Amino acid sequence: MKVFFQKADMDTCLTALIMEADAGDEIVPVRGNAPKSALDDPSVLCIECGGAGGVTLNNFDHHVPGADFPPACLQALRLNPTRQAPLVRLAEYVGLVDECRHPVDPIPFPSLSAIFSGMLLTELRPLKQFIKGMEILRDVLNLNFDPFQSMPDHAPWRAYRTVKAKNLRKNQGILAKTIFFQTNSGKTLGFVETDAFGGRGQLYAAGCHIVIMFHPAFGTPPAPKYTIASRVADVIHLKPHFDRLETGWGGRSAIIGSPRRGTSLTRRQVLEIVLRHL
Ligand SMILES: [Mn+2]
């Protein structure tokens with residue numbers, strides 16, 4: 001089977017698992033949507049990369065403005081004839097996290113979400129993240145771990161837990177300082193003002209598709225700077241919109257920044273452009 005995906009998260013990885021994809025398949029990370037030929041081909045599994053609602057064509061997406069589809073894994077679960085209780089429970093947990101709703105009772109560290117995000121911080125290549133993500137979720141099912149409880153000590157996950165714990169300490173407070181928005185196309189945007197480097201991984205792990213970081217005094221001599229980054233959207237497309245307001249914006253597909261000399265744009269101006277065009 002051929003599989004396209006944009007971003008490895010619990011929802012996309014569980015969808016792949018439910019649709020019986022495995023590491024031996026041809027798994028292809030894409031930016032933006034999968035090619036139309038793939039979306040039209042029911043033998044190709046497309047996970048959160050277009051074709052929302054088209055489950056009969058093997059397309060599982062739920063990021064469409066104005067439409068109200070459940071998370072990808074819940075769409076896949078509906079097609080699964082066995083619907084075994086542990087799988088249903090896992091999908092329920094993943095669905096909650098994916099929609100940024102939290103389980104009613106807070107889960108002591110490490111939750112499954114914390115283990116998964118530790119993996120995302122450890123494995124930086126999207127394909128590796130996707131395969132490891134499927135492994136984590138497969139282990140949860142095979143070892144009968146309850147996703148609504150703290151995860152037990154499981155040897156293959158120790159490094160993930162350690163990295164996550166360290167990251168939580170390092171970026172303590174960054175999530176508390178982040179303001180979340182939904183973009184025009186339904187993506188989650190996190191905006192944070194910070195004078196530190198890093199922290200993007202934390203925001204991605206918290207469910208952000210796009211991150212805007214504002215450094216009020218960046219570099220020498222200190223100057224205000226915006227960085228806009230995404231693992232799923234091509235942010236370089238925003239450049240012409242910024243060029244109209246201020247010259248010197250630049251970057252590459254996954255990350256762009258304001259001019260080195262400093263920016264004169266307000267947060268509102270920056271936010272408006274990103275929210276409208278992504
Ligand atoms: Mn999702």
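As the structure is a computational prediction, the values presented were derived from the model and not from experiment. Just so you know, ligand 1 is whichever comes first in the structure, and atom 1 is the first atom listed for that ligand.
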Give a yes/no answer: is there an N/O/S atom of Cys73 under 2.8 Å from the Mn ion (ligand 1)? no
Starting from Phe109, can I reach Met151 by hopping between I/L/V/M/F/W/Y residues whose side chains sit under 4.5 Å apart? no
Restricting to N/O/S, name the atom of Asp98 that gets closest to the Mn ion (ligand 1). OD2
Report the atom name of the nearest N/O/S atom of Asp11 relative to the Mn ion (ligand 1). OD2
Report yes or no: do Ile136 and Leu96 belong to one cluster of Ile/Leu/Val/Met/Phe/Trp/Tyr joined by side chain heavy-atom distances under 4.5 Å? yes
Regarding Glu48, does it place an N, O or S atom less than 2.8 Å from the Mn ion (ligand 1)? yes
May I ask you to decide if the ring planes of Phe145 and Trp157 are parallel, tilted or perpendicular, using 30° and 60° as cut-offs? perpendicular
Is it true that Lys2 and Asp25 have a side-chain N and a carboxylate O under 4.0 angstrom from each other? no
